[in-house]
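This report concerns only the one structure given below.
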Amino acid sequence: MRLRKIQQLAYEIMDEINTSKEKKQFDTLSPVIDNLSRAIGDLTDPLGNYSLDYIEEKVKNAHYLLLKKENVNSYK
């Protein structure tokens, strides 16, 4: 269930970046990309040691930073 929620947040991020008519500034996108890359980096650990809590937190942070939705905590 948690993975589906993470996936939904990721889809919303992707949709916002691809469909937004407004161009995002580097200072907006940089922390979003940082959070997503940290989540992917943790998930791709060659030993398979990853924290779903950490990945979920980073994707939620990226989602919030890009979309500024206050209901991020409702995904718990």
How many angstroms lie between [atom1] in [X] and [atom2] in [Y], if you round to the nearest 0.5 Å?
X     : Y     : atom1 : atom2 : result
His63 : Leu36 : NE2   : CG    : 10.5 Å
Ser37 : Asp42 : OG    : CG    : 11.5 Å
Met14 : Leu66 : CE    : CG    : 12.5 Å
Ile55 : Leu3  : CD1   : CG    : 8.0 Å
Asn18 : Tyr11 : CG    : OH    : 12.5 Å
Leu52 : Leu43 : CG    : CG    : 9.0 Å

Exercise for the section: Examine Ile6 and Ile17 and state if one hydrophobic cluster contains both, with Ile, Leu, Val, Met, Phe, Trp and Tyr joined whenever side-chain heavy atoms are less than 4.5 Å apart. Expected result: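 Yes, Ile6 connects to Ile17 through the hydrophobic network.
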Problem - Min side-chain heavy-atom separation Leu65-Leu29 under 4.5 Å - result: no
Exercise for the section: Determine whether more than 12 heavy atoms belonging to other residues, nucleotides or ligands lie under 6.0 Å from atom OH of Tyr50. Expected result: no
Practice task
Please report the closest heavy-atom contact between Ala62 and Asn35, naming both atoms and the distance.
Solution key: CB-CB, 3.9 Å
Handout entry: Nearest heavy-atom neighbours spanning Gly41 and Thr44
Key = O-OG1, 3.3 Å
Problem - Check: Thr19 side chain, Asp15 main-chain N or O, donor-acceptor pair, under 3.5 Å - result: yes
Exercise for the section: Going by the side chain to side chain contact (heavy atoms under 4.5 Å, CB included) test, name the single residue among Lys5, Arg4, Glu12 that passes it with Gln8. Expected result: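 One option only clears the test, and that one is Glu12.
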Practice task
Answer yes when Arg38 and Asp34 have at least one side-chain N-carboxylate O distance shorter than 4.0 Å, and no when they do not.
Solution key: yes
